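Reviewing the structure listed below.
Hydrogens, waters and symmetry mates are skipped; everything else that's a heavy atom, side chains included, is used. Since the structure is predicted, the reported quantities are computational estimates derived from the model, not experimental observations.
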Amino acid sequence: MLLAWLLSTALAQDCTTVHARDLLDVPAPAVLVLGERHGMRKDLGRATKIARALAAKDDVRVALEAVDRRFDAALGAYAHGVLDADDLERKLDFPATWGFPYRVYAPLVRASAFGAEVVGVGLKLGPKPDDVSLPVPPRYIDLLRPAMGDHEIPLGMEQDFVQAMAWRDYGLASKALQGWDGKGYLVLVVGRGHVEGGKGVAWQASRLTDVPVHSFVLAATPDMPCYAGDQVWR
């Protein structure tokens with residue numbers, strides 16, 4: 001127990017503690033990448049709070065990993081009053097495409113109700129296409145190993161795994177930025193593993209836009225890593 005406490009204390013010294021005001025004080029234009037624990041009400045509630053507050057003062061696009069990119073038409077129909085909330089939930093087919101409870105994501109999915117544009121950026125897990133050249137963060141595997149827990153990556157497959165994760169990071173970032181006018185705020189809500197260490201979605205996004213990119217982890221837990229440079233909402 002003492003060793004675990006000492007390790008967690010050492011890790012906690014590496015990252016920066018932030019609160020809601022720190023996120024809301026980021027000047028526009030800006031990209032905010034928010035890392036959530038999938039399906040956790042606390043994290044999604046905080047993301048909704050930020051999106052709502054930013055939308056009260058500027059243009060906001062909310063980009064959700066939880067919503068498959070195939071469903072942008074349904075999101076648009078809801079925003080324009082063509083689709084009601086119940087029909088939107090059915091169209092998004094959360095049980096099959098995401099697997100976490102829709103109810104905790106619903107306020108973000110329906111963020112057009114408080115003036116934000118909402119887009120789905122989710123995509124299936126899969127390998128990077130052979131004909132695509134993609135930048136990969138240095139030593140990315142060192143960040144991915146802790147996230148795997150007890151599921152070790154077989155020898156000889158590390159490079160393929162790193163490429164696949166970088167491809168997903170790139171896919172989330174590029175879809176969120178697609179068609180965005182660079183004004184106001186782009187708020188990406190993605191899994192925490194795509195944010196920690198500063199080498200995931202934010203790293204890819206910063207190479208795709210000249211707009212400043214900021215990343216935040218939405219909640220701290222005793223077992224989470226705390227990397228240097230990370231901004232963690234406690």
Side-chain angles (χ1 to χ4, degrees), residues 15-37 40-67 69 71-72 74-85 88 92 102-122 172-192 194-195 198 200-220 229-234:
C15 60
T16 301
T17 296
V18 298
H19 303 283
R21 179 49 54 190
D22 298 292
L23 283 71
L24 296 176
D25 283 345
V26 173
V31 177
L32 275 62
V33 184
L34 309 183
E36 55 128 336
R37 295 168 296 165
M40 297 300 292
R41 186 179 300 276
K42 179 178 181 179
D43 299 36
L44 278 305
R46 286 178 166 183
T48 303
K49 176 180 180 179
I50 295 303
R52 185 187 297 273
L54 292 176
K57 66 176 182 177
D58 214 325
D59 294 335
V60 170
R61 167 183 279 195
V62 175
L64 301 175
E65 180 190 11
V67 177
R69 57 188 60 192
F71 301 131
D72 272 355
L75 293 170
Y78 173 76
H80 289 92
V82 177
L83 200 65
D84 66 27
L88 176 62
L92 298 182
Y102 174 78
R103 63 183 179 277
V104 296
Y105 289 90
L108 277 174
V109 171
R110 302 198 295 258
S112 56
F114 54 75
E117 176 192 8
V118 184
V119 296
V121 299
L172 295 170
S174 59
K175 177 60 170 67
L177 287 161
Q178 183 182 335
W180 183 53
D181 61 9
K183 298 177 182 179
Y185 296 92
L186 170 59
V187 179
L188 285 86
V189 183
V190 300
R192 194 179 75 185
H194 294 286
V195 174
V201 172
W203 190 90
Q204 295 290 348
S206 68
R207 282 151 180 78
L208 296 170
T209 180
D210 294 329
V211 175
V213 178
H214 309 263
S215 61
F216 301 91
V217 178
L218 287 170
D230 279 3
Q231 300 185 85
V232 181
W233 187 340
R234 295 189 180 276

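- With Asp230 contributing its side chain and Cys15 its backbone, the two residues share no donor-acceptor pair below 3.5 Å.
- Of the possible donor and acceptor atoms, one in the side chain of Arg61 sits under 3.5 Å from a partner among the backbone N and O of Ala176.
- Between the Thr48 side chain and the Leu44 main chain, a donor and an acceptor come within less than 3.5 Å of each other.
- With respect to Lys175 and Asp72, a salt bridge is recorded, a charged nitrogen being found less than 4.0 Å from a carboxylate O.
- Between the Tyr185 side chain and the Val26 main chain, a donor and an acceptor come within less than 3.5 Å of each other.
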Should Tyr105 and Glu36 be marked as a side-chain contact (heavy atoms from CB on, under 4.5 Å) after you check the CA-CA gap, both sets of side-chain angles, and the distance that decides it? CA-CA 11 Å; Tyr105 289 90; Glu36 55 128 336; 3.1 Å; yes
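- For Asp59, the side-chain hydrogen bond (donor to acceptor under 3.5 Å, both in side chains) criterion is met by no residue, not counting sequence neighbours.
- Looking only at distances, a side-chain donor or acceptor of Glu65 sits under 3.5 Å from a matching main-chain atom of Gly191.
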Please evaluate residues Leu188 and Leu32 with respect to the criterion side-chain contact (heavy atoms from CB on, under 4.5 Å), reporting the C-alpha separation (whole Å), side-chain torsions for both, the decisive distance (0.1 Å), and the verdict. CA-CA 6 Å; Leu188 285 86; Leu32 275 62; over 6 Å; no
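- Remark: the backbone N or O of Asp22 is not paired with any side-chain donor or acceptor of Asp25 at under 3.5 angstrom.
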side-chain contact (heavy atoms from CB on, under 4.5 Å) between Leu64 and Val109, worked out: CA-CA 8 Å; Leu64 301 175; Val109 171; 3.9 Å; yes
Residue pair Leu54, Leu24: steps toward the side-chain contact (heavy atoms from CB on, under 4.5 Å) verdict: CA-CA 7 Å; Leu54 292 176; Leu24 296 176; 3.9 Å; yes
